[in-house]
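Input: a single structure, listed below in structure tokens.
Heavy atoms only: backbone and side chains are in, while hydrogens, waters and symmetry mates are out.
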Amino acid sequence: MHAVASSFGRVFGAPKVKTLKIVPEFSEHEHERTSATRLFHLFFKVATPFWRTNKNARWATAFVLILMLLNTGFNVAMSFCARAFWDALSDRDVPRFHTVTYVFILITLLSDPVYVYYNYCRNVLSTSLRQYLANAVMDMYYDQRSYYVIEATRKVDNPDQRLSEDVKGFAEMSILLISHGMTSLLDVIAFSYILLTIYPPLFAFLVVYASVGTASTFFIGRKLILLEFQNLRSEADLRFSLMRVRANAESIAFYRGEAREEYNNRKMLFIAIENDLAVFRWQRNLDYFVQLYTYLVQIIPIIVLAPSYFANRVTLGSLQQAWSAFNSVLRDLSFIVMRFDEVSKMSAGLDRLGEFIEFLEARATPENPSPFAARARESKRPRRKTKKNTKTKRGGGGESSDAVAATKQKEKDLEQPDETCSVGTDTSTVSTGVTSEVGGGVIQIIEDDTVSLETQDLTLFPPDDPSRVLFRGLTMSLPQNARLLIVGPSGCGKSSLLRALAGLWQSGAGSIRIAPLRDAFFLPQRPYCTLGTLREQLTYPRKLSEISPDALYAAVARIDDRAASTAAATAAASSTATGVTAAAAVAASRSSSSSEQDDTFAETLDRFLEHTLVQVSLPLLSRRMGGLSTERDWSTVLSLGEQQRLAFGRLLVSQALGFCRLSILDEATSALDLRSEAFVYSMLRPPFISVGHRPSLLQFHDAVLRLSPDGAQPVLTAVTPEQREAALRAEVTIS
């Protein structure tokens with residue numbers, strides 16, 4: 001087998017790497033993770049909130065239990081019917097045989113819909129559990145920017161798989177286990193009575209046999225849980241490596257990196273196959289015992305009862321009923337033995353899901369506690385409950401429910417005091433960003449409505465390397481109309497400073513006083529296109545329901561006023577030649593604008609967004625793509641320059657609608673030509689902060705913050721007239 005496994009590397013073209021140990025020896029800590037105590041604790045921790053906080057779930061479960069009880073009753077009735085059937089055959093009693101046959105058919109017709117509907121309701125219940133778990137974990141995943149911390153720290157691998165496959169697998173298998181456990185309990189009660197009435201020692205032997213079999217199976221197959229955990233991870237890594245090729249196909253094609261990417265994919269495939277072989281080997285060892293355990297049970301009750309049958313102390317029907325009851329009870333008591341492969345997969349998924357939840361719980365706050373914490377109640381999470389209700393209503397009520405939810409949220413925001421709020425003021429406070437776990441301090445971030453940006457003795461270092469100081473001692477205060485440019489060599493910490501301003505990095509010292517982050521708009525170095533329509537690209541990250549009609553109409557009115565002013569200036573210049581006065585031109589323009597006020601909200605929004613596309617030099621994009629409602633994979637359809645212009649369009653939309661008080665741009669024009677760069681910057685309203693390398697950016701800023709690669713104190717200087725003139729001369733371009 002080892003030779004076969006080793007040959008896979010040669011078959012797939014991957015070189016033999018002796019240092020690569022595919023199936024390592026598991027540590028004591030990893031074995032503790034598969035202990036029955038921990039798995040049972042995780043099971044109840046993850047599953048019980050669904051019933052504790054959801055009244056409908058309790059009613060649905062009660063209905064499933066009723067169906068289960070009926071199904072068990074029909075099974076017991078069939079058992080007695082089969083007993084009478086065999087007794088009639090043994091006694092050659094024809095009338096009794098026909099009667100029993102009719103009764104059996106009647107029981108079958110009555111039990112069939114009960115059994116089918118029981119399975120259907122059980123599947124629906126598992127889907128409801130999956131929906132609850134996915135929503136609860138997703139709330140925690142996005143709360144406190146945990147999704148960013150996970151990617152930055154790499155402590156939890158493949159969160160997407162844990163949110164989808166692991167949650168689904170746990171929901172399906174847990175409902176199956178619970179329902180089978182209840183069915184087993186009812187079957188054991190019912191059929192044990194049958195065994196006790198026929199031959200009591202047989203029941204005692206059954207209990208001992210099932211207990212020994214279950215314990216032996218868990219002991220032999222325990223390592224399967226660890227192997228299944230590793231199997232899930234290796235399959236997720238393989239899928240991720242294939243997705244990277246798909247997401248970066250053009251870059252790989254330019255590099256001609258097919259051979260290297262294929263080697264990486266084959267290496268991941270080799271790891272997954274090696275792990276599969278390890279699973280098969282342990283499954284083989286377990287099958288030796290399970291098969292013997294299963295075959296012995298077929299003859300044991302007959303061997304035990306055969307002397308009584310030959311002595312005429314039991315009938316043939318009683319013998320058959322005892323055999324059937326013995327197998328039914330043993331099947332119920334031996335569920336783990338018979339389905340240990342599925343149980344091991346669920347245990348591995350539960351382990352991964354529990355690890356994921358434990359990481360998210362460590363970042364939970366008292367205001368938004370974990371729904372899986374002990375005695376957590378939905379009433380303690382009013383904001384999250386509003387979210388869930390909004391999602392539910394949206395599915396059946398359209399955008400009106402979103403508007404109501406948005407209005408309630410705005411009223412909630414108005415009820416909050418205007419005083420500054422501190423985030424992450426000490427190491428014991430749960431922060432929204434990444435802090436260092438190997439030493440160092442925590443940056444104090446204060447959101448203040450009265451300032452744009454102030455820093456006091458700010459020192460920053462990477463969360464994973466506190467010995468590397470990016471800069472220290474930064475103290476500055478920007479006025480309300482500031483236009484700051486951050487410059488410095490690559491790798492000196494420019495983008496890291498923006499991460500600190502956004503609250504993503506909090507490893508360092510000092511304090512940052514900034515306008516409320518909900519009113520700050522960040523344009524990252526790498527443009528991001530969300531899933532959705534072109535309309536949603538321009539309004540991202542806001543939902544359409546968050547846009548105030550008053551703010552939209554005011555933004556459109558400003559556009560119309562500027563158009564009217566332009567028309568008036570043009571009319572004044574040509575009034576002599578045409579005979580039309582400037583006042584008449586302005587009146588006509590305003591009359592046209594007032595008639596457009598009758599447009600619906602959707603039409604006004606689309607007109608505003610079309611104007612924004614014109615502003616960022618994308619006038620034909622909507623027409624070329626088929627309208628604002630078109631859905632595409634925008635990150636592949638649009639060029640890098642078009643994506644950066646679209647990102648500027650988002651910023652302009654946010655500023656016009658009152659969502660943005662401070663703009664922060666990280667090399668947001670790196671893919672634009674100089675004329676386009678000057679055009680988009682001319683439309684930005686201060687205050688804004690930019691990171692860039694081009695000298696041409698100086699003409700759009702009032703101050704420059706220079707960072708050095710040696711971690712020294714940054715230098716803040718004003719932009720001089722000479723520098724502006726040099727920047728204007730830098731506008732020479734070949735485009």
Side-chain angles (χ1 to χ4, degrees), residues 5 8-9 12 14 17 20-27 29-31 33-34 38-39 42-43 46 130-131 133-138 140-142 146-174 223-249 252 260-283 341-362 531 635:
F8 276 99
F12 294 151
V17 183
L20 183 63
K21 198 170 186 180
I22 305 304
V23 187
E25 292 296 327
F26 297 105
S27 64
H29 171 69
E30 289 174 317
H31 280 288
R33 287 171 52 179
T34 61
R38 180 179 182 274
L39 291 176
L42 278 179
F43 181 86
V46 175
R130 178 194 179 187
Q131 183 180 19
L133 291 177
N135 285 334
V137 177
M138 203 173 294
M140 299 171 65
Y141 182 62
Y142 286 104
S146 296
Y147 64 92
Y148 175 80
V149 178
I150 287 174
E151 288 301 311
T153 59
R154 299 291 180 180
K155 286 189 172 181
V156 179
D157 63 274
N158 302 297
D160 54 325
Q161 185 192 40
R162 302 186 192 223
L163 266 169
S164 56
E165 294 182 11
D166 292 346
V167 168
K168 180 181 179 181
F170 171 77
E172 293 176 349
M173 199 63 187
S174 61
K223 193 172 181 179
L224 269 177
I225 301 176
L226 289 171
L227 292 174
E228 291 291 355
F229 179 93
Q230 203 157 344
N231 194 33
L232 291 173
R233 182 167 55 189
S234 62
E235 293 294 339
D237 290 342
L238 173 60
R239 185 168 57 250
F240 178 73
S241 69
L242 294 171
M243 288 176 59
R244 286 186 73 255
V245 175
R246 174 182 165 190
N248 301 278
I252 295 172
R260 178 61 181 270
E261 296 300 327
E262 185 180 5
Y263 168 76
N264 290 336
N265 293 155
R266 291 184 184 277
K267 184 172 70 173
M268 293 297 177
L269 179 61
F270 173 57
I271 293 174
I273 288 179
E274 279 285 294
N275 195 81
D276 283 341
L277 292 174
V279 171
F280 296 155
R281 284 192 290 269
W282 276 93
Q283 185 66 55
D341 183 45
E342 296 178 17
V343 172
S344 64
K345 290 180 180 178
M346 190 211 72
S347 300
L350 175 60
D351 185 24
R352 288 171 56 83
L353 183 60
E355 182 184 39
F356 189 29
I357 291 175
E358 288 167 356
F359 179 89
L360 297 175
E361 282 183 328
L531 298 176
S635 59

Residues V167 and R130: closest non-hydrogen pair is CG1-O, 3.8 Å
To the nearest 0.5 Å, atom CD1 of I273 lies from atom CG of L238 at 9.0 Å
Heavy-atom closest pair (P159 atom, I150 atom, distance to 0.1 Å) is CG-CG2, 4.1 Å
Review point. Any side-chain heavy-atom pair from N264 and S241 closer than 4.5 angstrom?
Key: no
Exercise. Any side-chain heavy atom of M138 within less than 4.5 Å of one from N135?
Worked result: no
Minimum side-chain heavy-atom gap F359-T153 below 4.5 Å:
yes
dist L350:CG -> E355:CD (nearest 0.5 Å) comes out at 11.5 Å
Taken to the nearest 0.5 Å, the spacing of R244 CZ from E261 CD works out to 6.0 Å
message: Using side-chain heavy atoms (C-beta onward) and a distance below 4.5 Å, is E361 in contact with M140?
response: yes
Should the ring pair F356 and Y141 be called parallel, tilted or perpendicular, given that the plane angle runs from 0 to 90° and is split at 30 and 60?
perpendicular
Taken to the nearest 0.5 Å, the spacing of E262 CD from I252 CD1 works out to 11.5 Å
Taken to the nearest 0.5 Å, the spacing of F270 CZ from R266 CZ works out to 13.0 Å
Sequence neighbours excluded, the answer for side chain to side chain contact (heavy atoms under 4.5 Å, CB included) partners of S234 is N231, I271, A272, N275
Verdict with supporting geometry, M268 and N265, side chain to side chain contact (heavy atoms under 4.5 Å, CB included)
CA-CA 5 Å; M268 293 297 177; N265 293 155; 5.7 Å; no
Applying side chain to side chain donor-acceptor pair (under 3.5 Å) to S635 and not counting sequence neighbours gives D633
pair D157-R352: side-chain heavy atoms closer than 4.5 Å: yes
Rounded to the nearest 0.5 Å, the CD atom of E165 sits from the CG atom of L353 at a distance of 12.5 Å
Residues L360 and S146: closest non-hydrogen pair is CD2-CB, 3.6 Å
(request) Determine, step by step, whether D237 and Q161 satisfy the side chain to side chain contact (heavy atoms under 4.5 Å, CB included) criterion, reporting the C-alpha distance in whole Å, the side-chain angles of both residues, the deciding distance to 0.1 Å, and the verdict. (result) CA-CA 10 Å; D237 290 342; Q161 185 192 40; over 6 Å; no
### Query
Given L42 and E358, is the side chain to side chain contact (heavy atoms under 4.5 Å, CB included) satisfied, shown in steps?
CA-CA 10 Å; L42 278 179; E358 288 167 356; 3.8 Å; yes
